[in-house]
Amino acid sequence: MISRTLMLSVMATLGIGITSATVLTQPAQAAKKYRVLKAVTKSNLPYHAKTKRSAYIYDVYHMHKVHNLKNYPKTTWRVSQSLLMQPSKKGKKAVYYFVTSANGKVSGIVWRGYLKAGVNPDADN
């Protein structure tokens, strides 16, 4: 006959094993998906970074950080679209600009609060 203590320890071990397996098999939480509520075309208006701190440029789906504005302190950005975006039905709406660097090598969307209208005064001419 199996002792009660041995049976409880086996059950506890199995319970922990089942719990651990359950936790490990659950899918990771997906990143928030942003919805575009409104898009307005702009005529390549010049803007530059308002801050020297970290400010990210995202891919067009707002899923991945692709660049950081602080790495482009002398760049004049061209805004071709203004996008009203929302992370979920209850999320806070925000305006993002689709930007492209003057040389055309870097592009993505950035929150409009990080940009200031006009040509970059620090740009190399």
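Computation of the quantities below employed the complete heavy-atom set of this structure, encompassing side-chain atoms and omitting hydrogens, waters and symmetry-equivalent molecules.
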Chemist: Look at the side-chain heavy atoms of Ile, Leu, Val, Met, Phe, Trp and Tyr, link any pair under 4.5 Å apart, and say whether Leu83 and Val40 land in one connected group.
Modeler: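 Each belongs to a different hydrophobic cluster.
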Chemist: So does Arg78 get a backbone contact from the side chain of Asn44, meaning a donor-acceptor N/O pair under 3.5 Å?
Modeler: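 It does not hold such a pair.
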Chemist: Residues two or more places apart in sequence or in another chain: which of them pass side-chain contact (heavy atoms from CB on, under 4.5 Å) with Pro73?
Modeler: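 By the side-chain contact (heavy atoms from CB on, under 4.5 Å) rule, Pro73 matches no residue at all.
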Chemist: Measure across Pro87 and Gly91 and return the closest heavy-atom pair with its distance rounded to 0.1 Å.
Modeler: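 That closest heavy-atom pairing would be CG-CA, 3.9 Å.
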Chemist: Applying salt bridge (Lys or Arg N to Asp or Glu O under 4.0 Å), can you list everything that pairs with Lys52, at least two apart in sequence or on another chain?
Modeler: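 In terms of salt bridge (Lys or Arg N to Asp or Glu O under 4.0 Å), with neighbours along the sequence ignored, Lys52 is linked to Asp122.
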Chemist: Applying ring pair (Phe, Tyr, Trp, His ring centres under 6.0 Å), can you list everything that pairs with Tyr56, at least two apart in sequence or on another chain?
Modeler: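 Scan of Tyr56 (ring pair (Phe, Tyr, Trp, His ring centres under 6.0 Å), adjacent residues dropped) gives none.
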Chemist: Per the salt bridge (charged side-chain N to carboxylate O under 4.0 Å, His left out) rule, what does the pair list look like for residues 80-102, sequence neighbours excluded?
Modeler: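 Counting only pairs at least two positions apart or across chains, no salt bridge (charged side-chain N to carboxylate O under 4.0 Å, His left out) contact touches residues 80-102.
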Chemist: OG1/Thr76 to CG/Leu45 distance, rounded to the nearest 0.5 angstrom?
Modeler: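 Separation between the atoms: 12.5 Å.
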Chemist: Does Lys74 have any salt bridge (Lys or Arg N to Asp or Glu O under 4.0 Å) partners at least two apart in sequence or in another chain, and if so, which?
Modeler: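 Once residues adjacent in sequence are excluded, the partners of Lys74 under the salt bridge (Lys or Arg N to Asp or Glu O under 4.0 Å) criterion are Asp124.
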Chemist: Not counting sequence neighbours, which residues clear side chain to side chain donor-acceptor pair (under 3.5 Å) with Asp59? List them please.
Modeler: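 Once residues adjacent in sequence are excluded, Asp59 has no partner under the side chain to side chain donor-acceptor pair (under 3.5 Å) criterion.
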Chemist: Less than 4.5 Å apart, any side-chain heavy atom of Tyr114 and any of Lys50?
Modeler: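 Answer no - side chains too far apart.
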Chemist: Could you pull out all donor-acceptor pairs under 3.5 Å where a side-chain atom in residues 101-112 meets a protein atom, sequence neighbours excluded?
Modeler:
{"from": "Ser101", "atom 1": "OG", "to": "Asn103", "atom 2": "OD1", "distance (Å)": "2.6"}
{"from": "Ser101", "atom 1": "OG", "to": "Gly104", "atom 2": "N", "distance (Å)": "3.4"}
{"from": "Ser101", "atom 1": "OG", "to": "Lys105", "atom 2": "N", "distance (Å)": "3.3"}
{"from": "Ser101", "atom 1": "OG", "to": "Val106", "atom 2": "N", "distance (Å)": "3.2"}
{"from": "Asn103", "atom 1": "OD1", "to": "Lys105", "atom 2": "N", "distance (Å)": "3.0"}

Chemist: Nearest heavy-atom pair of His62 and Met85: which atoms, and what distance?
Modeler: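 Heavy-atom minimum between the residues: CB-CE, 4.1 Å.
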Chemist: For Gln86, which residues count as a side chain to side chain donor-acceptor pair (under 3.5 Å) partner, sequence neighbours excluded?
Modeler: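 Only Arg35 meet the side chain to side chain donor-acceptor pair (under 3.5 Å) criterion with Gln86.
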Chemist: Apply ring pair (Phe, Tyr, Trp, His ring centres under 6.0 Å) to Phe98 and list each qualifying residue two or more places apart in sequence or on a separate chain.
Modeler: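 Ring pair (Phe, Tyr, Trp, His ring centres under 6.0 Å) check on Phe98 returns nothing, list empty.
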Chemist: Do Ile57 and Trp77 touch side chain to side chain, with heavy atoms closer than 4.5 Å?
Modeler: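 Yes, their side chains come closer than 4.5 Å.
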Chemist: Please identify each residue that fulfils side chain to side chain donor-acceptor pair (under 3.5 Å) with His48, with sequence neighbours left out.
Modeler: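 Listed in chain order: nothing, the list is empty.
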Chemist: Kindly indicate whether the side chain of Tyr34, heavy atoms from C-beta on, has any atom under 4.5 Å from the side chain of Tyr58.
Modeler: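 Contact flag for Tyr34/Tyr58 side chains = no.
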